[in-house]
Number of protein chains: 2
Amino acid sequence: MQTKVGQFPRSEGSLGIREVARHARVSTATVSRTINGIESVDRRLAARVWKSVQELGYSPNVFARSLASGRTRLLGLIVPDRSDPFFAEVAQWFEETAWALGYEMLLSPIGSNVERRSYFIGRMRERKVEGVAVMVFDLDSALIEEFSVLKVPIVYVNAGPEFADATTLSVNYWYGIRAAVQHLASMGHRQIAFIGGQNLRRSSTPKLKAFIRATQEIGCVPWTIEIDESFEGGIRAMKELLDSDVRPTAIICSSGLVALGALRVLDQTGVDVPKQMSIIGFDDVPFAEFVNPPLTTIHIPRRDLARLAVTTLRALIETPREHAVKSSWEVPTSLIVRESTDFLAGSALSKSSIHGSAALLGVQGAVILEDCG
Amino acid sequence: MQTKVGQFPRSEGSLGIREVARHARVSTATVSRTINGIESVDRRLAARVWKSVQELGYSPNVFARSLASGRTRLLGLIVPDRSDPFFAEVAQWFEETAWALGYEMLLSPIGSNVERRSYFIGRMRERKVEGVAVMVFDLDSALIEEFSVLKVPIVYVNAGPEFADATTLSVNYWYGIRAAVQHLASMGHRQIAFIGGQNLRRSSTPKLKAFIRATQEIGCVPWTIEIDESFEGGIRAMKELLDSDVRPTAIICSSGLVALGALRVLDQTGVDVPKQMSIIGFDDVPFAEFVNPPLTTIHIPRRDLARLAVTTLRALIETPREHAVKSSWEVPTSLIVRESTDFLAGSALSKSSIHGSAALLGVQGAVILEDCG
DNA sequence: ATGAAAGCGCTAACAA
DNA sequence: TTGTTAGCGCTTTCAT
């Protein structure tokens, strides 16, 4: 019989379930059952237990609990970069939703280098995540391999391989981009350019496709210009556009930052937005509404996306995986009209009530155009 | 002798330290020592162990590890609101620093309602945090009480009680605000207003004091206007200022959002920034540099603050607490000059090289004025 | 330097 | 319904 001491000062006087049990004059099992809300416990005993818990100031040790139960209630979320405001917000909603369902989030901003990636993968393994949401497009197959070894459910969000049985969630850019194009067309714009590019999110392709389809739909020639998706990219593209013989009258940017860059050039060049040029961005960036003029943006439902990821994961985890069928879900985008878009100058069309009402809502007001689908 | 089954499907084939030990033909103790990098292990045995770890794809169970060792290596960080970009960034640096030192962060965005607060406090207790950084000013004493029961080290960051023995870190606003006032004064401004207020951060008072002292220092009368610290607050204050008989020529805002609000009003009123009015904000908000014109801001060293919090906590945790002395640290603020400040129109002063060089740095360039202290 | 074995605090059979 | 008890997977003494 040895008395364990340990190098590190343990929490005071080992206040564990045993002390509570002794104090309440019941067994540890009863304490455990009470704390975990198991019905079968006698009301009077339960009351005694809770009282002891209070008096002693007991709080269960999650580590012991996980070890004993074999459950961790941990959900992994793999993103490229936590400092990107888009992923930051998604992560926040993911965590919030997870909490609401009794889970924890383990965030893995794996970046781009391989060491960092396997570090985070290892971390998730050590902590025994029960499921993982993958939000990076180019997670290499070796890592995916490593994961499948774990045999935990995975959902791919707006990314990932087209496994026959992979569960996927995706953002439908078509709705929002089509709404944007039609919004512009309805105000007389025919020369609409799209500034897009490639980045970590790799959502460029679907956005581009949607733009092309939407412009063709209204009988216009798609006008696109590719850049790296950033503030500087927006600056370069806008300069290029301004230099061309015939200027577009409206521009859709593939991200909020790109739009901010475009706006900068326009401001410096003295081009009035929206009178001389209309700009539409994405709300993947905060402060789109605090900028001058407030940006008309395509809204990505980050919160819905995050929630869907968590709930899907939970379903996968808690459902006996007898009939694991491929399932895929989609969240729609929409258009938020603010003040960076207006009627084409010299257009025969006059101000419609839609835009008028947007202005009426005041500085932060916005009218949301649902998808036209 | 019973074979444990468990309700929940456990990780495949119980790949634990025992399997590794068997595979490497050593004891579990040796495996443990090897994995934890304990020197005394024979090189050849260690090699065998690592090989087995590789081949088996073993990764230790953190829960068991924590349970056995009595250490959690968890650091709590209490903030009001994780969606505030300031705290979001601090939290990120906190976590990053913690990782670098082998710790984890447990974030508690306790908000304002009591239930939420005690929920997060409870969470930290359950998880046995080894130390806590408190970044909220008005953590009520009851909660502090609850914490002191845990007997874990606490550092108060820019907040908290003035316990005789409390460890505190704080932001020195004096340097940055003084630099801002002097920057303006050097460009001929004498009518400088300060838009400030109160918010969760409660950093208003030190900021206000610093402003008053700095303006008096240059022989000006402090001109302050109080609002709630927000975008709308900035709008209201700016409107009020524009309506007054005599307008200020330069304005320092107590936060980035307030500055954005002020900028909005100025833009709508057709007041040119910086030609007709200079604006200075705080960089507690991203995109201050992406706005038009790029905002001259007072820089708060969020990263240093977070790092200091973590390293201080670690020192407190890992140092035998024999002589626990009160200690306090400070991080300085500084001024980042961009393009929202300029010479007073009609001033006898001409453009100095300082501002000229800022312009030369281009769209995103900035010259940092260190504290004048 | 290595191994045997006693727990860490809890959960969940199983028995009562 | 309640209690007894065998682990969960690891660390760390203690003995070798």
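Just so it is clear: chains get the letters A, B, ... in the order the sequence lines come, proteins before strands, and each one is counted from 1.
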Residue B:Ala68, side-chain atoms from C-beta onward, closest of D:dT11, C:dC10, C:dG9: D:dT11
Can you check whether B:Asn61 has a side-chain N or O nearer than 4.0 Å to OP1 or OP2 of D:dC8? no
Atom CZ of A:Arg22 to atom C1' of D:dT4: distance rounded to whole Å? 15 Å
From C-beta outward on A:Ala29, which listed nucleotide comes closest to its side chain: C:dA5, D:dT4, D:dC10? D:dT4
How about A:Trp99 and B:Arg123: do any of their side-chain heavy atoms sit closer than 4.5 Å? yes
Residues of residues 39-47 of chain B with a heavy atom under 4.0 Å from any atom of DNA chain C, listed by number, are B:Ser40, B:Val41, B:Asp42, B:Leu45
Taking CZ from B:Arg127 and P from C:dC8, how many angstroms apart are they, rounded to a whole number? 22 Å
Decide yes or no for A:Met124 and A:Val132: does some side-chain heavy atom of the first lie under 4.5 Å from some side-chain heavy atom of the second? yes
Do we see a donor-acceptor contact under 3.5 Å between the side chains of A:Asn36 and A:Arg65? yes
Got A:Phe94 and A:Leu75 here, is their nearest side-chain heavy-atom distance under 4.5 Å? yes
Side-chain contact check for A:Val26: nearest option of D:dG3, D:dT4, D:dT11 is D:dG3
So, does B:Thr30 get its side chain near the phosphate of C:dT2, meaning an N or O under 4.0 Å from OP1 or OP2? no
Respond yes when some side-chain nitrogen or oxygen of B:Ser32 is under 4.0 Å from OP1 or OP2 of D:dT11, and no when none is. yes
Rounding to an integer number of Å, can you tell me how far A:Phe63 CZ sits from C:dT11 P? 14 Å
Below 4.0 angstrom from OP1 or OP2 of C:dG3, is there any side-chain N or O of B:Ser27? yes
To the nearest Å, how far apart are B:Arg73 CZ and C:dC8 P? 22 Å
A:Arg71 CZ to C:dG9 C1', straight-line distance once rounded to whole Å: 19 Å
I'd like to know if the side chain of A:Glu89 pairs up with that of A:Trp93 as donor and acceptor (distance under 3.5 Å, no hydrogens or angles considered). yes
What I want to find out is whether A:Glu130 reaches A:Arg71 closely enough, with some N-O distance under 4.0 Å, to be called a salt bridge. yes
Terminal axes of the helix from C:dA1-D:dT16 to C:dA16-D:dT1 (five pairs each): angle between them, nearest 10 degrees: 30°
Rounded interatomic separation in angstrom, taking CD1 from A:Ile38 and P from D:dG3: 14 Å
For B:Asn36 and C:dA1, give me the distance from atom CG to atom P, rounded to whole Å. 17 Å
Starting from the 5' end of DNA chain C, give me the residue, A:Arg65 or A:Arg18, whose nearest nucleotide shows up first. A:Arg18
Does any non-hydrogen side-chain atom of B:Arg314 lie less than 4.5 Å from one of B:Tyr103? yes
So, are A:Arg127 and B:Glu104 salt-bridged, with charged N and O less than 4.0 Å apart? yes
Out of C:dT11, C:dC10, C:dA5, which nucleotide sits closest to the side chain of B:Thr28? C:dA5
Scan A:Arg33 against the nucleic acid and name what it touches under 4.0 Å (heavy atoms): base, sugar-phosphate only, or nothing. base
Quickly work out the A:Ile35 CD1 to C:dA12 P distance and round it to whole Å. 13 Å
Using only atom types and a distance under 3.5 Å, with no angle test, would you say the side chain of B:Ser118 pairs donor to acceptor with the backbone of B:Glu115? yes
Note, A:Thr311 side chain near A:Leu101 side chain (heavy atom, < 4.5 Å): yes
